[in-house]
Amino acid sequence: MPPLVVPRLYLLTGIQNRYLPIFATYSRSRKTMKKSIKEILAAKPIGQEVTVCGWVRTFRSNQFIAVSDGSCMQTMQVVVDHENTDPALLKRITTGSAVIATGTLIESMGKGQAVEVKARTIEVVGDADPDKYLLQPKKHSMEFLRDIAHMRIRTNTFGAVMRIRHALAYAIHHFFHERGFFYFHSPIITGSDAEGAGEMFKVTTLSLENTQKNKEGDVDFKKDFFGKATNLTVSGQLEAELAALALSRVYTFGPTFRAENSNTTRHLAEFWMIEPEVAFFDLKDNMDLAESMLKYVIAFALEHCADDIQFLKERQEQEESTKPQQERSTMDLITKLHFVVDNEFQRLKYEEAIQILINSTPNKKGKFQYPIEGWGTDLQSEHERYLVEKHFQKPVILTNYPKEIKAFYMRVDDDGRTVSAMDILFPSIGEIVGGSQREERLDVLTQRMEEMHIPLHEMDWYLDTRRFGTCPHAGFGLGFERLVLFVTGMTNIRDVIPFPRTPGNAEF
RNA sequence: GCCUCCUUAGCUCAGUUGGUUAGAGCGCCGGACUGUUAAUCCGUAGGUCCAAGGUUCAAGUCCUUGAGGGGGCGCCA
């Protein structure tokens with residue numbers, strides 16, 4: 001029997017039926033796990049005994065404990081019989097302390113919650129000295145919380161952001177898996193310094209104080225751990241291309257490092273990037289994939305993180321209520337997310353964008369810091385913002401940029417002036433996706449590399465894809481934190497990753 | 001890297017033209033109350049005014065330098 005027939009046999013003979021129910025049953029089994037607050041609130045076993053494990057948010061009236069376990073936005077109210085409880089124990093129930101409470105789940109007599117736990121036993125397993133514990137049941141500034149990033153995960157805002165972050169990551173895997181993509185693990189340490197995406201972090205075990213030099217006076221990387229100079233990856237794209245030309249549909253999702261001195265609310269030195277790469281895809285296929293993926297994952301978050309998004313919506317409204325009208329968002333968070341899911345992204349060529357910008361009011365009135373000169377100039381963020389936030393008022397996909405301002409691997413268009421690049425621009429975030437159809441023609445590619453001074457000999461392995469069985473293919477890079485930034489409505493990228501790495505900051 | 005703003009109590013912030021003993025809200029601590037929802041009410045404590053130097057009879061306030069942080073721009077995802 002030829003091996004290729006075997007999978008079909010599984011389907012036809014019903015062998016799968018012997019296995020699938022086992023997996024289905026096993027995957028549903030939660031018997032060994034303690035119930036989270038989210039699970040208790042979902043099941044609402046009124047009258048039954050439940051155990052709540054979590055951390056005290058507030059302790060009101062010496063009687064009502066708001067317990068959070070991070071499983072969801074809501075806290076569980078645990079009611080203590082303070083008249084029959086040791087005062088020494090009550091004293092230890094402070095903001096931040098860890099408690100295990102067991103008692104009957106009853107319908108709440110108060111207004112703020114549907115159910116509550118009438119505590120039979122309560123144990124403080126971890127005290128939190130109220131004099132030293134920094135988180136108070138009040139609003140803290142984002143700047144202060146950044147300084148205590150190890151503690152800020154316990155706040156409502158960061159809890160919501162982290163849960164949404166998880167949901168988006170899960171949705172991304174789900175989206176690709178459903179469409180037959182394989183999660184491909186590109187290396188984090190790379191020996192290639194020609195990836196063309198900016199400054200890199202060096203990886204070495206050589207002594208920095210006493211480095212051995214070779215005859216030419218350069219550092220002798222032959223003595224280094226890998227026997228050559230190595231860096232942290234700035235992109236998994238080139239490796240993903242190798243995989244796409246074998247597995248057809250792949251994506252990477254991993255940490256990415258840029259040693260650039262970028263000080264903005266949109267840049268991190270360590271961030272997570274998703275890079276799908278697909279064989280036999282052209283630019284239009286690529287745009288369709290990116291647009292449907294963004295819509296899918298945002299819709300997933302809207303459905304599965306409704307409470308968290310609602311909380312962040314209200315938080316944003318409160319935050320903006322002190323600002324002048326002009327600086328406020330035109331749409332609330334939920335409306336904005338629905339708007340992106342429900343509307344087609346505006347697709348237009350670079351050339352068309354330039355025409356719109358040339359004729360725009362701010363350009364005519366000299367309001368742009370960088371006036372539009374004409375075809376060939378790179379767009380600044382003020383121009384992108386104008387197109388997205390003023391002119392079209394929805395996400396924009398810009399395509400076919402002049403080849404001079406884009407990377408070597410992008411496919412040269414038939415006119416010879418532009419490349420099949422695409423950037424997806426979102427309101428307030430700017431560029432969230434950057435991608436292209438790749439140059440699959442060996443001669444055109446090597447010529448472009450020579451023009452842009454890319455060392456060909458170091459890229460031999462990459463060029464082999466074009467030497468053997470080359471084919472049209474395309475892909476893009478999605479900045480994960482920028483996506484989280486958009487979906488949460490946060491304003492600084494440092495607040496959507498647990499421990500941000502930026503110039504001058506690598507705490508925790 | 002460039003521009004700009006900021007740094008005062010545990011947190012958020014006032015502090016007038018340079019002028020007596022630097023204030024408030026929240027939190028903490030003590031007390032009262034006890035079906036609360038960032039509980040409420042009363043009271044106490046809490047300060048290297050970022051650091052160093054300078055101007056001045058006098059500096060939280062003005063000047064110089066440095067450190068840390070926010071925002072904008074560039075580079076990008």
Side-chain angles (χ1 to χ4, degrees), chain A residues 57-66 74-83 90-91 94-96 106 108-113 116 118 128-148 151 155-156 196-199 234-237 252-253 255-275 290 318 322 327 368-370 378-385 405-407 423-426 429-435 476-486 491-495 497 502-505 507:
Chain A
R57 282 290 170 78
T58 58
F59 186 28
R60 291 182 289 261
S61 294
N62 213 22
Q63 195 175 175
F64 305 103
I65 316 172
Q74 290 102 313
T75 54
M76 178 66 86
Q77 174 151 290
V78 175
V79 186
V80 188
D81 180 4
H82 63 286
E83 283 168 350
L90 292 174
K91 203 110 193 76
T94 60
T95 301
I106 57 167
S108 180
M109 293 158 74
K111 282 175 189 164
Q113 55 286 313
E116 62 193 17
K118 196 168 185 288
D129 183 346
D131 210 29
K132 292 177 183 147
Y133 190 66
L134 287 168
L135 291 175
Q136 298 166 12
K138 61 170 277 191
K139 208 176 153 143
H140 291 288
S141 69
M142 286 296 125
E143 293 79 15
F144 171 67
L145 292 172
R146 244 169 257 158
D147 287 342
I148 52 163
M151 285 287 136
T155 64
N156 281 335
E199 294 299 308
V234 291
S235 164
Q237 181 198 314
T252 72
F253 189 165
T256 311
F257 307 87
R258 304 267 167 96
E260 255 142 23
N261 194 13
S262 299
N263 295 292
T264 78
T265 54
R266 306 181 305 281
H267 289 85
L268 291 164
E270 176 184 288
F271 64 101
W272 290 69
M273 189 155 63
I274 296 103
E275 293 176 291
Q318 209 174 0
T322 54
E327 289 173 35
F368 284 141
Q369 197 190 333
Y370 300 88
D378 207 352
L379 298 184
Q380 305 295 326
S381 37
E382 58 179 347
H383 308 134
E384 296 177 350
R385 291 188 75 128
I405 58 174
K406 287 291 178 186
D423 283 359
I424 302 185
L425 310 174
F426 265 30
I429 312 289
E431 187 178 343
I432 197 166
V433 162
F476 61 84
L478 167 71
F480 184 56
E481 282 75 16
R482 288 190 180 175
L483 175 67
V484 182
L485 201 55
F486 183 76
T491 51
N492 193 318
I493 203 162
R494 295 165 197 195
D495 300 328
I497 189 167
T502 54
N505 196 340
E507 292 300 309

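Below, chains carry the letters A, B, ... as their sequence lines are ordered, and counting in each starts from 1.
Mapping A:Tyr370 and A:Pro503 onto RNA chain B by nearest heavy atom places A:Pro503 closer to the 5' end of the strand. Both A:Ser108 and A:Arg482 lie close to RNA chain B; mapped to their nearest nucleotides by heavy-atom distance, the more 5′-ward contact belongs to A:Ser108.
Counting non-hydrogen atoms under 4.0 angstrom, A:Lys111 reaches a base of the nucleic acid. Among the protein residues, A:Asp147 comes within range of no part of the nucleic acid, since none of its heavy atoms lies under 4.0 Å from any strand. Residue A:Phe64 is classed as a base contact, given a heavy-atom separation below 4.0 Å to a base. Among the protein residues, A:Glu431 comes within range of the sugar-phosphate backbone only, with heavy atoms under 4.0 Å from sugar or phosphate atoms but none that close to a base. A:Glu384 comes within 4.0 angstrom of no nucleic acid atom, judged by non-hydrogen atoms across all strands. Base engagement by A:Gly110 is indicated by at least one non-hydrogen atom pair under 4.0 Å involving a base atom. Contacts of A:Arg57 with the nucleic acid, taken as non-hydrogen atoms under 4.0 Å apart, are absent. Note on A:Lys91: only backbone sugar-phosphate atoms sit closer than 4.0 angstrom, heavy atoms only; bases stay farther off. Within 4.0 Å of A:His267, counting heavy atoms only, lies at least one base atom of the nucleic acid. Using a 4.0 Å heavy-atom cutoff across all strands shown, A:Thr264 reaches at least one base atom of the nucleic acid. Residue contacts shown for A:Met109 include a base, since a base heavy atom lies under 4.0 Å away. Across all strands shown, A:Asp131 has heavy atoms under 4.0 Å from sugar-phosphate atoms exclusively, and none from any base. Nucleic acid contact class of A:Glu83 (heavy atoms, under 4.0 Å, all strands): none.
Distance check on atom P: B:rU65 versus B:rA45 gives 42 Å, rounded to whole Å. Nucleotides B:rA22 and B:rU16, compared at atom P, are 15 Å apart to the nearest Å. Distance noted for atom C1' between B:rG19 and B:rA58: 7 Å (whole Å). Nucleotides B:rG68 and B:rC50, compared at atom C1', are 8 Å apart to the nearest Å. Nucleotides B:rA9 and B:rA14 place their P atoms 12 Å apart, quoted to the nearest Å.
For the pair A:Ser108 (side chain) and A:Gly110 (backbone), a donor-acceptor distance under 3.5 Å is present. Although no hydrogens or angles enter the test, the distance criterion places a donor-acceptor pair under 3.5 Å between the side chain of A:Glu382 and the main chain of A:Tyr370.
Remark: A:Lys139 NZ is packed, more than 12 non-hydrogen atoms of other residues, nucleotides or ligands lying under 6.0 Å away.
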**Report entry** side chain to side chain contact (heavy atoms under 4.5 Å, CB included) evaluation trace for A:Glu481 with A:Leu268
**Finding:** CA-CA 9 Å; A:Glu481 282 75 16; A:Leu268 291 164; 3.8 Å; yes
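The base of B:rC76 is not paired with the side chain of A:Ser262 by any donor and acceptor separated by under 3.5 Å. If you check distances only, the side chain of A:Gln380 never reaches the base of B:rG74 with a donor-acceptor pair under 3.5 Å.
Listed candidates were B:rG35, B:rG70, B:rU36. Nearest to the side chain of A:Ser61 is B:rU36.
Side chains of A:Arg266 and A:Thr264: no donor on one and acceptor on the other come within 3.5 Å.
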